[in-house]
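Chain A is the first sequence line, chain B the second, and so forth, proteins listed ahead of strands; every chain is numbered from 1.
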Protein chains: 2
Amino acid sequence: MARTATTFDTFNAVAEPKRRKVLEMLSEGELPVNDIVTRLGWPQPVVSKHLGVLKEVGLVSMRKNGRQRVYRLEGEQLKPIHDWAKSFEKSWSERLDRLDEYLQELQKEESDDDSK
Amino acid sequence: MARTATTFDTFNAVAEPKRRKVLEMLSEGELPVNDIVTRLGWPQPVVSKHLGVLKEVGLVSMRKNGRQRVYRLEGEQLKPIHDWAKSFEKSWSERLDRLDEYLQELQKEESDDDSK
DNA sequence: ACATTATATTCCAATATCGGAATATGTCAA
DNA sequence: TTGACATATTCCGATATTGGAATATAATGT
């Protein structure tokens, strides 16, 4: 068996750097394909293919406007990734917690000084 | 050119469902390989290989203990993913914002009723 | 009907993947 | 040293990927 298909889920779709770039670009508003092509400077088929993958997993939607196809970000689809990563938050915030405690202790000492 | 290497970055490493499973398991505490093997029921080489990828990108670290190798989660490495996804938060919270407004409006109407 | 514009699709080569089987390496114990 | 245990590595087959080139499709204007 080979690697999990790219179109299988959001995690795979987003693993490709170029696709993340496209999503970032679309986060500022919907865009027709050609705008993405000119802004990013990639060959048009490359852009279309990546948009195809993103559409397949629901990360973008498409609307026809004349002969243009306007793509729009569907950001809710990124929430599962956010939530999954966030579920590990504890493991990177522990250090900050300790820093917090330290700072609180400093403050306490300061107010002790004040009360003198 | 083929797909971006799995060992290239965290996003790719985490795109594989089995590797996410391993990370979730390690989030409860460090474990030697064999514990992971028996808990997940996967062939030992499969587990070792996935651990290898995770170690390569720094998502886990390893410590020798006798003939065992104990793996530990390095959760800070997931923060970039969290932050990236969070940067799109606006696009999925807008609906909720609107829902909030709606609910607040409902409440206001209710208290108007109360005041009658 | 035809040319033009905008985009998608197909075919291809090079490459990287994942899992399985077998085997190698490393560590301890007797 | 020999054996048992824990884990990593190598080799392999089947498959999916990405980008490029060429081409197909679709919509518009003349």
For the pair made of [atom1] in [X] and [atom2] in [N], what is the distance, rounded to whole Å?
{"X": "A:Lys18", "N": "D:dT18", "atom1": "NZ", "atom2": "P", "answer": "10 Å"}
{"X": "B:Lys55", "N": "D:dT7", "atom1": "NZ", "atom2": "P", "answer": "13 Å"}
{"X": "B:Arg19", "N": "C:dA16", "atom1": "CZ", "atom2": "P", "answer": "15 Å"}
{"X": "A:His50", "N": "C:dT9", "atom1": "NE2", "atom2": "P", "answer": "15 Å"}
{"X": "B:Arg63", "N": "D:dA8", "atom1": "CZ", "atom2": "P", "answer": "14 Å"}
{"X": "A:Leu51", "N": "C:dT7", "atom1": "CG", "atom2": "C1'", "answer": "10 Å"}
{"X": "A:Glu56", "N": "C:dA8", "atom1": "CD", "atom2": "P", "answer": "13 Å"}
{"X": "A:Asn12", "N": "D:dT15", "atom1": "CG", "atom2": "P", "answer": "18 Å"}

Pairing residues for B:Pro17 by the side chain to side chain contact (heavy atoms under 4.5 Å, CB included) criterion, not counting sequence neighbours: A:Thr4, B:Arg20
Set of residues satisfying side chain to side chain contact (heavy atoms under 4.5 Å, CB included) with respect to A:Ser61, sequence neighbours excluded: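 Side chain to side chain contact (heavy atoms under 4.5 Å, CB included) list for A:Ser61, sorted by chain: A:Arg72, A:Glu74.
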DNA chain D contacts made by residues 26-39 of chain A, counting heavy atoms under 4.0 Å: none
Closest non-hydrogen atom pair, B:Ala13 against B:Val57: CB-CG2, 3.8 Å
Letter per nucleotide, 5' to 3', of nucleotides 24-30 of chain C [B base touched, S only sugar-phosphate touched, - untouched; heavy atoms, 4.0 Å]: --SBB--
Report each atom pair, protein N/O against N/O of nucleotides 20-23 of chain D, whose distance is under 3.5 angstrom.
from	atom 1	to	atom 2	distance (Å)
D:dG20	N7	A:Lys49	NZ	3.3
D:dG20	O6	A:Lys49	NZ	2.5

Flag, side chain of A:Glu16 to backbone of A:Lys18, donor-acceptor distance under 3.5 Å: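 Flag set: sc A:Glu16 to bb A:Lys18 pair under 3.5 Å.
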Reference residue B:His82; test ring pair (Phe, Tyr, Trp, His ring centres under 6.0 Å); the match among A:Trp92, A:Phe88, A:Trp84: A:Trp92
Side-chain N,O (B:Tyr71) to OP1/OP2 (D:dA8) below 4.0 Å: yes
side-chain hydrogen bond (donor to acceptor under 3.5 Å, both in side chains) partners for A:Ser27, two or more places apart: none
side-chain hydrogen bond (donor to acceptor under 3.5 Å, both in side chains) against B:Lys64, all qualifying residues, sequence neighbours excluded: none
Salt bridge (Lys or Arg N to Asp or Glu O under 4.0 Å) partners of A:Lys86, counting only residues at least two apart: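 In terms of salt bridge (Lys or Arg N to Asp or Glu O under 4.0 Å), with neighbours along the sequence ignored, A:Lys86 is linked to A:Glu89.
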Counterpart residues, salt bridge (Lys or Arg N to Asp or Glu O under 4.0 Å), relative to A:Arg67 (two or more places apart):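 If we apply the salt bridge (Lys or Arg N to Asp or Glu O under 4.0 Å) test to A:Arg67, skipping adjacent residues, there are no hits.
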If you look only at distance, which donor and acceptor atoms sit under 3.5 Å apart when one is on a side chain in residues 35-51 of chain B and the other is two or more places apart or in another chain?
from	atom 1	to	atom 2	distance (Å)
B:Thr38	OG1	B:Asn34	O	3.2
B:Thr38	OG1	B:Asp35	O	3.1
B:Gln44	NE2	B:Ser48	OG	3.0
B:His50	ND1	B:Arg19	NH1	3.3

4.5 Å side-chain heavy-atom contact, B:Val14 and B:Leu78: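 A side-chain contact under 4.5 Å exists here.
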